[in-house]
Amino acid sequence: MLSIAWKPPYSLAAVVLAASPVFAFAQAGSAQHLTPEQKQLRSIYQELVEINTTNSVGSCTNAAKAMAARLKKAGYSDADMQIVVPPGDARKGNLVARLKATDQAADKDAGKKPLLLLAHIDVVEAKREDWIRDPFKLVEENGFFYARGASDDKAMAAVFVANMIRYKQEKLKSKRDLILALTCDEELVPAKFNGVEYLLKNHRNLIEAELALNEGGGGSLDKNGKPVRHGIQAGEKIFQSYSLEVTNTGGHSSVPRKDNAIYHLADGLSRLGKFDFPFRLTPTTRGFFETMSTLESGQLAADMKAILREPVDTEAVARLSANTPFYNASLRTTCVATMVNAGHAANALPQRAQANVNCRILPGETVEQTQAMINTVLADSAIKVTPVGVATASPAQPLHPELMKAVTDLTNQMWPGIPVVPTMSPGGTDGRFLNNAGIWTYGVSGMFHYPEGSNAHGLNESLPVKSLYEGQQFLYELAKRLAQ
């Protein structure tokens with residue numbers, strides 16, 4: 001496994017470059033203030049968000065066709081684009097589009113293999129009755145966009161489409177092919193038709209690249225909206241769910257017994273909910289807390305420094321774990337109950353109680369070790385623990401020097417003085433498939449969020465309006481630099 005600790009050739013905090021006119025963009029408070037490029041993005045974003053791409057009733061194919069139509073109108077030919085639909089479900093289409101390098105000789109150089117721009121277009125389910133607003137209508141309100149997929153991941157998908165159109169119109173001179181891949185079923189694990197996995201197995205030539213830009217990174221704002229740091233994801237946890245199940249003979253509810261399947265399961269889940277998995281730092285999270293300790297102050301900074309030392313300060317670990325869910329998820333494997341199903345009749349003792357527990361496992365730990373720990377915590381042989389699906393672990397990617405320099409330079413030009421911080425994503429992305437295939441994949445977006453985040457996967461998912469347009473400009477410049 002390659003080390004992913006990155007030592008910059010200069011101080012991230014000290015490098016401050018004056019913002020050039022190329023980074024001047026409109027304050028997007030209302031549509032009339034948008035530049036032509038921003039108006040185009042907003043139109044693409046709205047169209048994409050308002051196409052339902054949930055697994056239950058939606059269609060990624062419809063979204064892929066809509067984005068292909070946008071590209072074709074901008075000058076991409078049918079030969080430049082492919083809509084790849086896995087056999088077995090016509091709704092699970094993926095779009096791959098290519099902008100060919102203008103310097104074809106240079107593109108043959110192994111160091112100038114294509115750059116892949118990856119975003120998934122499927123979204124998590126959303127019930128209209130639960131939301132304040134219609135989750136499948138883009139709403140702009142009080143400086144935020146609201147919709148399912150507003151942040152995860154249709155913002156990045158729309159930005160990539162808008163930027164590919166712009167490169168085509170500007171006749172970008174490049175030494176790499178730029179490949180856009182809008183894929184399906186990233187949100188389903190396990191997924192029968194994961195787009196990236198399917199493309200790698202069946203159409204790898206379409207997405208073969210040196211490196212890929214993906215979701216998973218992004219910036220952090222303080223509560224007043226001031227940028228604090230810009231994260232680049234280099235590594236992610238392993239996604240693994242487990243089924244916890246209790247069965248017994250049941251019976252009539254008028255004559256209850258103590259060995260109730262629901263009580264067994266509930267007691268076990270309660271013990272698991274109170275349990276913290278062991279603290280452990282990876283090279284990436286160690287680098288993250290080293291950097292963050294220089295940016296924070298007071299007790300928080302002291303605790304970040306304390307967890308880096310040996311022996312570990314357990315009280316500092318506890319305080320950090322309680323500070324934010326993100327810090328807790330960065331410090332250990334986590335497991336949480338996400339779904340429960342029990343009983344078969346209102347007047348009967350339950351014959352079965354089942355729960356899904358979703359774990360995000362630190363790199364270097366195994367599915368088997370995690371299952372053994374769950375069994376120990378449950379301490380009830382009546383609860384059967386079974387892995388759901390097969391986890392896909394991936395190696396830690398090295399921090400690509402050319403990419404890191406470009407991200408750092410652009411960050412300092414757009415947000416002077418803001419450090420670039422390597423992070424490990426507590427969630428999973430399709431980057432795990434690409435990393436396993438030798439296509440190093442990095443999460444970076446230029447889109448900043450407030451401390452409370454976007455509530456992706458939850459109610460009223462949102463994205464700051466300003467963040468969409470800043471991300472557009474950042475990713476436009478980043479891909480352009482890497483291509484040239």
So, the side chain of [X] versus the backbone of [Y]: is there a donor-acceptor pair under 3.5 Å, distance only?
X: Asn202; Y: Leu199; answer: no
X: Arg271; Y: Leu378; answer: yes
X: His203; Y: Leu206; answer: no
X: Glu461; Y: Tyr146; answer: no
X: Ser467; Y: Phe448; answer: yes
X: Glu47; Y: Ile44; answer: no
X: Lys112; Y: Lys175; answer: no
X: Glu215; Y: Ser445; answer: no

Testing the 3.5 Å rule here: is there a donor-acceptor pair between the side chains of [X] and [Y]?
X: Glu365; Y: Thr333; value: yes
X: His33; Y: Gln38; value: no
X: Gln46; Y: Arg42; value: yes
X: Ser241; Y: Asn358; value: yes
X: Asn356; Y: Thr338; value: yes
X: Glu245; Y: Thr386; value: no
X: Lys201; Y: Asn194; value: no

[X]: partners by side chain to side chain donor-acceptor pair (under 3.5 Å), with sequence neighbours left out:
X: Arg332; result: Ser321, Asn328
X: Lys237; result: none
X: Gln354; result: Ser243
X: Asn163; result: none

Considering only residues two or more places apart or on different chains, which pairs with a residue in [range] satisfy ring pair (Phe, Tyr, Trp, His ring centres under 6.0 Å)?
range: residues 115-140; value: none
range: residues 149-186; value: Tyr167-Tyr476
range: residues 354-373; value: none
range: residues 34-78; value: Tyr45-Phe145

Pairwise side-chain contact, Ser43 with Arg70, heavy-atom cut-off 4.5 Å (strictly under): yes
4.5 Å side-chain heavy-atom contact, Ser454 and Leu463: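 A side-chain contact is absent here, since even the closest heavy-atom pair is not under 4.5 Å.
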Closest heavy-atom contact between [X] and [Y]?
X: Gly93; Y: Thr61; result: N-OG1, 2.8 Å
X: Thr441; Y: Asn214; result: CG2-CB, 3.5 Å
X: Ala391; Y: Ile238; result: CB-CG2, 3.6 Å
X: Met164; Y: Leu117; result: SD-CD1, 4.1 Å
X: Asp409; Y: Arg481; result: CB-NH1, 3.7 Å
X: Leu115; Y: Leu213; result: CD1-CG, 4.1 Å

Distance, nearest 0.5 Å, that separates CD of Glu236 from OG1 of Thr423: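 Glu236 CD to Thr423 OG1: 10.5 Å, rounded to 0.5 Å.
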From CA spacing to verdict: side-chain hydrogen bond (donor to acceptor under 3.5 Å, both in side chains), Asn55, Lys92: CA-CA 9 Å; Asn55 181 57; Lys92 303 297 184 178; 2.6 Å; yes
Pairs where residues 434-484 contributes a residue and the test disulfide bond (SG atoms under 2.5 Å apart) is met, not counting sequence neighbours: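 Pairs touching residues 434-484 that pass the test: none.
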Pair listing, disulfide bond (SG atoms under 2.5 Å apart) test, anchored in residues 156-198, at least two apart: Cys60-Cys184
Greater than 12 external heavy atoms within 6.0 Å of Lys65's NZ: no
Asn205 atom CG, over 12 foreign heavy atoms within 6.0 Å: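 Check passes, neighbour count above 12.
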Leu180 vs Met81, side-chain contact (heavy atoms from CB on, under 4.5 Å): CA-CA, chis, key distance, verdict: CA-CA 9 Å; Leu180 169 68; Met81 300 182 291; over 6 Å; no
Stepwise side-chain hydrogen bond (donor to acceptor under 3.5 Å, both in side chains) check, Thr411 with His230: CA-CA 7 Å; Thr411 298; His230 192 191; 2.9 Å; yes
Test side chain to side chain contact (heavy atoms under 4.5 Å, CB included) applied to Ile179 - qualifying residues, sequence neighbours left out: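 So Ile179 forms a side chain to side chain contact (heavy atoms under 4.5 Å, CB included) with Val96, Arg98, Pro114, Leu116.
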Residue pair Glu125, Ser56: steps toward the side-chain hydrogen bond (donor to acceptor under 3.5 Å, both in side chains) verdict: CA-CA 8 Å; Glu125 303 291 338; Ser56 59; 2.7 Å; yes
Partner set under salt bridge (charged side-chain N to carboxylate O under 4.0 Å, His left out) for Arg133, not counting sequence neighbours: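 If we apply the salt bridge (charged side-chain N to carboxylate O under 4.0 Å, His left out) test to Arg133, skipping adjacent residues, the hits are Glu141.
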